[in-house]
Novice: 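My structure is below; once you've seen it, I'll send some questions.
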Amino acid sequence: LVGKEELNEAHWKKQVTMALKKIEVEDLGNMEAIELKESIPEEDSEGRGMKDLQKKEKQLSVKVVFHPSGHVLLVGQKTKLTKKCITMKNILSHFHWRLSGKDVASGQ
């Protein structure tokens with residue numbers, strides 16, 4: 001019985017190690033993460049609310065991390081980060097732009 005448990009543990013360790021090799025972290029930079037998270041409304045009629053962001057996280061198996069350092073991180077498979085996270089990045093960029101108070105049209 002002990003031998004079988006050890007074999008099972010070795011199998012799961014190998015599976016976990018292989019899965020972790022596929023995980024990437026993309027640093028979107030210092031976006032004042034804590035303030036940014038607080039500035040995103042729970043719901044948004046334009047599809048840019050926290051619920052929309054969480055729905056995308058679930059669909060893509062990607063996690064948005066609002067790090068205390070101010071950085072926003074995307075964590076997931078590399079292929080999903082590079083090809084599938086446009087909507088998530090747009091939501092984050094939109095609210096970061098609003099939080100910064102800069103008027104893109106006037107350059108201020």
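Here the structure is a predicted model, which means the values were calculated and not measured.
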Novice: What's the verdict on side chain to side chain contact (heavy atoms under 4.5 Å, CB included) for Glu9 and Trp12, showing C-alpha distance, side-chain angles and the deciding distance?
Specialist: CA-CA 5 Å; Glu9 185 177 342; Trp12 284 110; 6.0 Å; no

Novice: If hydrophobic clusters are built from ILVMFWY residues whose side chains come within less than 4.5 Å, do Leu74 and Leu60 share one?
Specialist: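 Yes; tracing contacts between hydrophobic side chains, which count when under 4.5 Å, links both residues.
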
Novice: Just wondering, do Leu99 and Glu32 contact through their side chains at under 4.5 Å, heavy atoms?
Specialist: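 When only atoms from C-beta onward are counted, Leu99 and Glu32 do touch, with a gap below 4.5 Å.
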
Novice: Could you grab the distance from atom CD of Gln77 to atom OG1 of Thr82, nearest 0.5 Å is fine?
Specialist: 10.5 Å

Novice: Distance check, rounded to the nearest 0.5 Å: Phe66 atom CZ versus Met31 atom CE?
Specialist: 8.5 Å

Novice: Could you state the interatomic distance from CG (Asp44) to CE (Met50), rounded to the nearest 0.5 Å?
Specialist: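 Result: 11.5 Å between the selected atoms.
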
Novice: Evaluate Lys56 against Val62 for side chain to side chain contact (heavy atoms under 4.5 Å, CB included), listing each step before the verdict.
Specialist: CA-CA 8 Å; Lys56 280 291 181 191; Val62 171; over 6 Å; no

Novice: What's the separation between atom CD in Glu24 and atom NZ in Lys80, rounded to the nearest 0.5 Å?
Specialist: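 It comes to 14.0 Å.
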
Novice: Taking all non-hydrogen atoms of both residues into account, name the closest pair between Gly76 and Leu81 and its distance.
Specialist: O-CD1, 3.7 Å

Novice: Carefully, step by step, assess Glu42 and Lys51 under the rule side chain to side chain contact (heavy atoms under 4.5 Å, CB included).
Specialist: CA-CA 6 Å; Glu42 196 63 30; Lys51 285 186 177 181; 3.6 Å; yes

Novice: Mind checking the CD-CD spacing from Gln54 to Glu57? Nearest 0.5 Å is all I need.
Specialist: 6.0 Å

Novice: So if I apply the side-chain contact (heavy atoms from CB on, under 4.5 Å) rule between Val64 and each of Leu28, Val75, Val72, which one comes out positive?
Specialist: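 Testing each of Leu28, Val75, Val72 against Val64, the sole residue satisfying side-chain contact (heavy atoms from CB on, under 4.5 Å) is Val72.
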
Novice: Report the C-alpha distance between Ser69 and Asn30 in whole Å, list the side-chain angles of each, state the deciding distance to 0.1 Å, and finish with yes or no for side chain to side chain contact (heavy atoms under 4.5 Å, CB included).
Specialist: CA-CA 8 Å; Ser69 69; Asn30 189 345; over 6 Å; no

Novice: If you measure from CG on Leu36 to NE2 on His94, what distance do you get to the nearest 0.5 Å?
Specialist: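 So the gap between those two atoms works out to 10.5 Å.
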
Novice: Under 3.5 Å, is there a donor-acceptor pair between the side chain of Asn90 and the main chain of Leu92?
Specialist: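 Side chain of Asn90 to backbone of Leu92: no pair is present.
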
Novice: Between Lys89 and Glu26, is there a salt bridge with N-O shorter than 4.0 Å?
Specialist: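 Salt bridge: yes.
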
